[in-house]
Amino acid sequence: MGWDPKGWEQRFRALAPQHDIRVWPDAVGDPAGIRYACVWKPPAGLLAEFRNLKAIFSLGAGADDLLADPKLPDVPVVRIVDPDLTMRMTEYVVLHVLMCHRRQRLYDAQQRERLWFEHGQPAAREVQVGIMGLGVLGTSAAQMLQRVGFKVAGWSRTPKTLPGVEAFHGAQGLEPFLRQSEILVCLLPATPATRGIINLDLLRKLRKHGVLQGAYLVNAGRGSLQVDADILAALEEGSLAGASLDVFPTEPLPIESPLWGHPKLTITPHNAAQAVPQTLAISVLQQIDRIEGGQAPENTINRTIGY
Ligand code: NDP
Ligand code: OXD
């Protein structure tokens with residue numbers, strides 16, 4: 001994400017002129033005076049300097065970068081949960097699932113060759129989409145895909161019930177979930193348990209003989225979930241027919257990465273769901289009000305499980 005604190009600063013000042021708002025690094029003043037830190041990928045160790053913090057706000061949905069800081073102060077870490085961010089991710093997922101389903105990359109290639117040729121067009125109701133991560137974002141995407149007509153299943157850590165969605169969970173639920181998924185959408189957080197989960201072994205389990213005649217991957221969770229070389233190998237051997245990737249183990253994706261030029265890959269620069277201060281600053285201020293009112297903040301990260 002091309003992150004710039006200016007938009008947040010302006011929005012916080014406009015919405016909450018009563019607060020003393022300071023911007024790191026130039027205008028922090030006495031670090032002991034800082035009560036709330038609103039951050040995106042701060043340098044490791046920085047937050048420990050603010051010894052009177054009451055809470056830390058991740059200005060995004062994920063907080064994995066914060067949890068990687070060994071000196072992270074022991075105060076609640078609050079993440080963004082907001083309909084604006086959720087709908088942006090839902091748009092991304094629906095767009096990319098439909099691009100696979102309607103073979104858009106194939107038609108793009110044909111257009112470049114001036115080729116007028118129609119391929120088969122299975123109905124969405126015949127296509128099984130599997131969503132890894134049935135949290136805030138996965139649930140919203142699942143519901144929208146259902147409305148488009150897809151058969152939708154989901155996989156989570158703990159059991160879930162979602163009308164019309166076949167729910168799998170835990171290690172024992174993973175293989176049956178994968179075996180039926182023709183389009184796999186990944187919206188998992190980065191944790192020690194999910195690192196490298198999208199590997200060749202997993203991709204080989206996807207359903208490649210369904211109506212789409214190939215399996216597809218859409219990853220908008222985190223780059224650490226995927227093994228880039230295994231995605232390339234899966235494309236090479238046919239376990240995958242295509243993939244849309246918004247996140248990468250190294251970001252920005254290095255210029256020399258073979259992923260860039262692959263004809264079956266669609267690459268976006270970690271912008272599936274931008275965190276827009278104009279709409280999201282208010283959720284942060286509401287959580288600060290809750291804390292100041294003596295209530296616990298909502299949407300906190302559980303440090304033990306890592307999300
Ligand atoms: P949530 O915490 O609401 O949901 C996470 C889901 O993942 C839950 O269903 C959880 O299971 C499941 N999960 C976590 N660990 C495991 C595991 N080991 N095995 C199986 N399931 C697991 O997060 P959000 O939906 O709000 O966001 C998901 C992620 O999306 C973020 O962490 C972030 O990395 C990414 N993101 C990416 C953006 C982008 O622009 N590319 C923008 C915003 C977010 P359970 O329900 O049982 O807890
Ligand atoms: C987020 C992100 O976690 O943009 O919000 O990646």
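One-based numbering along the sequence shown. Just so you know, ligand 1 is whichever comes first in the structure, and atom 1 is the first atom listed for that ligand. All of these numbers come straight from a predicted model, not from anything done at the bench.
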Could you find the nearest protein heavy atom to [atom] and give me its residue, atom name and distance?
| atom | result |
| --- | --- |
| atom 13 (N) of ligand 1 | Leu188 CD2, 3.6 Å |
| atom 41 (N) of ligand 1 | Asp246 OD2, 2.9 Å |
| atom 30 (O) of ligand 1 | Leu137 CD1, 3.7 Å |

Any N/O pair [X]/ligand 1 closer than 3.5 Å:
| X | answer |
| --- | --- |
| Leu134 | yes |
| Gly135 | yes |
| Asp64 | no |
| Arg222 | yes |
| Ala193 | no |
| Val136 | yes |
| Ala61 | no |
| Tyr307 | yes |
| Gly133 | no |

- May I ask whether Met132 places a heavy atom under 4.0 Å from ligand 1?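 No.
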- For ligand 1, is Leu187 a contact, meaning one of its heavy atoms is under 4.0 Å away?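 A heavy atom of Leu187 does come that close to ligand 1.
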Give a yes or no answer on whether the side chain of [X] reaches the backbone of [Y] with a donor-acceptor pair at less than 3.5 Å.
| X | Y | answer |
| --- | --- | --- |
| Arg105 | Leu265 | yes |
| Asn302 | Tyr307 | no |
| Thr268 | Asn271 | no |
| Ser140 | Leu137 | no |
| Glu237 | Arg204 | no |
| Tyr36 | Leu285 | no |
| Gln143 | Leu162 | no |

- Could a heavy atom of Arg222 be found less than 4.0 Å from some atom of ligand 2?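 Arg222 counts as a contact of ligand 2 under the 4.0 Å cut-off.
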- Contact between His270 and ligand 2, counting heavy atoms under 4.0 Å?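 Contact check His270 vs ligand 2: positive.
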To the nearest 0.5 Å, tell me how far [X] [atom1] sits from [Y] [atom2].
| X | Y | atom1 | atom2 | result |
| --- | --- | --- | --- | --- |
| Ile288 | Phe57 | CD1 | CZ | 4.5 Å |
| Ile231 | Gln226 | CD1 | CD | 4.0 Å |
| Arg51 | Ile34 | CZ | CD1 | 11.5 Å |

- For Met89, counting its heavy atoms only, list the atoms of ligand 1 lying under 4.0 Å from any of them.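 Once the distances to Met89 are compared, the set is 37 (C), 38 (C), 39 (C), 41 (N), 42 (C).
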- Item | Atoms in ligand 1 flagged as close to Ala220, the criterion being non-hydrogen separation under 4.0 Å |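 What qualifies from ligand 1 is 35 (C), 36 (N), 37 (C), 38 (C), 39 (C), 41 (N).
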Could you see which bit of [X] sits under 4.0 Å from ligand 1, with heavy atoms only: side chain, backbone, both or neither?
| X | value |
| --- | --- |
| Gln274 | neither |
| Arg79 | side chain |
| Thr194 | side chain |

- Message: Does any part of the side chain of Thr158, heavy atoms only, come nearer than 4.5 Å to the side chain of His169, both counted from C-beta?
- Response: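 No, too far: nothing below the 4.5 Å cut-off.
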- Can you list every salt bridge (Lys or Arg N to Asp or Glu O under 4.0 Å) pair that touches residues 210-231, not counting sequence neighbours?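 Only Asp64-Arg222 qualify under salt bridge (Lys or Arg N to Asp or Glu O under 4.0 Å).
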- Is the distance between the ring centroids of Tyr216 and His101 under 6.0 Å?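 No, the ring of Tyr216 stays outside the 6.0 Å limit from the ring of His101, centre to centre.
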- What do you reckon, does Gly60 have a nitrogen or oxygen under 3.5 Å from a nitrogen or oxygen of ligand 2?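 Between Gly60 and ligand 2, no N or O pair is found under 3.5 Å apart.
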- Query: Mind checking whether Gly62 has an N or O less than 3.5 Å away from an N or O of ligand 2?
  - Reply: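 The answer is yes, given that Gly62 and ligand 2 share an N or O pair closer than 3.5 Å.
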